[in-house]
Protein chains: 2
Amino acid sequence: MKNITALCKDHKLRLTAPRRVILKVLEQSADHPDAVELHRRVQMIEAGISLATVYRTLKLLEEKGILEKHSFGDGPARFERADQEHHDHLINVETGDVIEFRSDAIEQLQEEIARKHGFAIVSHRLEIYVRPLRK
Amino acid sequence: MKNITALCKDHKLRLTAPRRVILKVLEQSADHPDAVELHRRVQMIEAGISLATVYRTLKLLEEKGILEKHSFGDGPARFERADQEHHDHLINVETGDVIEFRSDAIEQLQEEIARKHGFAIVSHRLEIYVRPLRK
DNA sequence: GTACCTGCAAACGTTTTGCTGAATC
DNA sequence: GATTCAGCAAAACGTTTGCAGGTAC
C-alpha cells in the first residue's frame with residue numbers, strides 16, 4: 001500500500017508544510033478519526049496548523065479518492081484510507097470503537113436488490129451498531 | 001396501524017394545538033421529510049408554529065419510539081413512523097427519492113457477523129445509494 | 001510568476017437551549 | 001395548581017468560505 005504522501009504527489013497536490021503534517025498523522029492513524037481529533041493530533045506535532053486547513057485537506061483528499069468519509073450516527077464525519085479492500089463497519093455503541101468486516105454474501109444480495117428495483121449501485125453503507133455479548 | 005395521535009395519548013404526551021398540527025402532517029406524509037420540510041408543511045396549516053417546536057416534538061416522538069430518525073448522507077435528519085415493518089432504504093442519488101426494501105437474508109447475515117465478533121446488534125443501518133439502470 | 005495554499009474570522013445549516021409566559025391535565 | 005409546553009432569540013455544533021498575505025512549483 002503506497003503511503004499517502006506518494007498518492008498526493010500522484011494527484012499533483014502541493015506538499016506544503018501543514019499538509020505534510022496532516023498526511024503523516026493520517027499515515028499513523030489506524031482508527032477512524034474525525035476532523036477535530038485529527039487536528040488535535042496535528043497540533044501536537046505543529047501548533048500553528050488551523051482546523052480550517054485540516055478540513056480543507058480532508059475534503060481535498062476525499063475528492064481525490066484518497067480518503068473515505070463516513071458519518072456514523074449523528075456525530076462528526078470520520079475518515080479512513082480509501083485504498084483498502086472494501087468493508088463495512090461494526091460500531092461498538094459502548095465505546096465508539098469501529099471494527100471492520102466484509103461479507104461478500106451481503107454485497108451480492110445488495111446487488112440483486114438494486115437490480116430488481118431497476119437501479120445500479122453507486123455506493124452503499126452498512127453499519128451495525130452493537131454491544132458486547134457477555135458483560 | 002394506529003394513528004400517531006393515539007400513540008401520543010398512549011405515551012401521555014400533552015395534545016397541544018401545535019402538536020396536533022405536527023402530528024396531522026406526519027400522518028399525511030408518506031415520504032421521509034426532514035424537520036425544515038415538516039415545518040414548512042406545518043406552516044401551511046398554522047403559521048405561528050415555530051421550528052423549535054417541530055424539533056422538540058420530533059425528538060420527543062423519537063425518544064418515545066414513535067418515529068425513527070435517519071441521517072442519509074450528509075444532510076439533515078429525516079423521519080418516518082417507527083411502527084412499520086422493519087426495512088432498509090434505497091436512495092436514488094439523482095432525485096433524493098427513498099425506496100424501502102426488506103431482506104431477511106441480509107438481516108440474518110448481519111446477526112451472524114455480529115455474533116461471530118462477540119456482539120449483539122443494537123441497531124443497524126443499510127443504505128444503498130443508486131442510479132436508474134436505463135437512462 | 002502564477003497558481004495554489006494558509007490562517008483568521010466570519011458565516012453557514014442544522015439542532016439545541018434558556019427564558020418567560022401560557023396552556024394542558 | 002403543578003407540570004409541561006410554546007415562541008423567541010441566542011447559542012451550540014460541525015463545517016465551509018472570503019479575504020489578504022504567503023509559498024510551492
Under 3.5 Å, which protein N or O atoms sit close to an N or O of nucleotides 10-13 of chain D? Give each pair with its distance.
none

Please enumerate all protein N or O atoms sitting under 3.5 Å from an N or O of nucleotides 22-25 of chain D, with distances to 0.1 Å.
from	atom 1	to	atom 2	distance (Å)
D:dA24	N3	A:Arg14	NH1	3.2

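As rounded to whole Å, 12 Å separates atom P of C:dC5 from atom CG of A:Leu23. Going from atom CD1 of B:Ile22 over to atom C1' of D:dA6 covers 10 Å, rounded to whole Å. Between A:Glu63 atom CD and C:dC4 atom P the separation is 14 Å, expressed in whole Å. Taking atom NE2 of residue B:His11 and atom C1' of nucleotide D:dT4, one finds them 17 Å apart after rounding to whole Å. Here C:dA3 presents its C1' atom at 12 Å from CZ of A:Arg19, a figure rounded to the nearest Å. Summarising the geometry, the separation between NZ on B:Lys12 and P on D:dC5 is reported as 13 Å, rounded to the nearest angstrom. The distance between atom CG of B:Asp34 and atom P of C:dT14, rounded to the nearest whole Å, is 7 Å. Summarising the geometry, the separation between NE2 on B:His39 and C1' on C:dG13 is reported as 15 Å, rounded to the nearest angstrom.
Residues satisfying the side chain to side chain contact (heavy atoms under 4.5 Å, CB included) criterion with A:Ala105, sequence neighbours excluded, are A:Ser103, B:Leu109. The side chain to side chain contact (heavy atoms under 4.5 Å, CB included) check on A:Asp97 picks up A:Asn92, A:Thr95, with sequence neighbours excluded. Annotation: side chain to side chain donor-acceptor pair (under 3.5 Å) contacts of A:Ser123 (sequence neighbours excluded): none. The side chain to side chain donor-acceptor pair (under 3.5 Å) search around A:Thr16 returns none, not counting sequence neighbours. With sequence neighbours left out, B:Leu60 forms a side chain to side chain contact (heavy atoms under 4.5 Å, CB included) with B:Leu13, B:Arg19, B:Glu63. A search for side chain to side chain contact (heavy atoms under 4.5 Å, CB included) contacts involving B:Asp74 returns A:Lys69, A:Ser71, not counting sequence neighbours.
To the nearest 0.5 angstrom, A:Ile22 atom CD1 is 12.5 Å from A:Arg20 atom CZ. Between A:Glu107 atom CD and B:Ile106 atom CD1 the span is 9.5 Å, to the nearest 0.5 Å. From A:Ile121, atom CD1 reaches atom CG of B:Leu133 across 10.0 Å, with rounding to the nearest 0.5 Å.
Here the side chains of A:Lys9 and A:Leu15 are in contact, with some heavy-atom distance below 4.5 Å. For the pair B:Phe119 and A:Ile128, the minimum side-chain heavy-atom distance is 4.5 Å or more.
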When the side chains of residues 30-39 of chain B are checked against the rest of the protein, which donor-acceptor pairs come out under 3.5 Å, sequence neighbours left out?
from	atom 1	to	atom 2	distance (Å)
B:Asp31	OD1	B:Arg41	NH1	3.2
B:Asp31	OD2	B:Arg41	NH2	2.7
B:His32	NE2	B:Glu80	OE1	3.1
B:His32	NE2	B:Glu100	OE2	3.1
B:Asp34	OD1	B:Val36	N	3.0
B:Asp34	OD1	B:Glu37	N	2.7
B:Glu37	OE1	B:Arg40	NE	3.1
B:Glu37	OE2	B:Arg40	NH2	2.9
B:Glu37	OE2	B:Arg41	NE	2.7
B:Glu37	OE2	B:Arg41	NH2	3.2
B:His39	NE2	B:Gln43	NE2	3.3
B:His39	NE2	B:Ile49	O	2.8
B:His39	NE2	B:Leu51	N	3.3

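Proximity of residues 47-62 of chain B to DNA chain C (heavy atom under 4.0 angstrom from any strand atom) is restricted to B:Leu51, B:Ala52, B:Tyr55, B:Arg56, B:Lys59.
Within the structure, ring pair (Phe, Tyr, Trp, His ring centres under 6.0 Å) contacts touching residues 49-79 of chain B (residues at least two apart or in different chains) are B:His70-B:Phe72, B:His70-B:His89, B:Phe72-B:His89.
Relative to the axis of its first five pairs, the axis of the last five pairs of the helix from C:dG1-D:dC25 to C:dC25-D:dG1 sits at 40°, rounded to 10 degrees.
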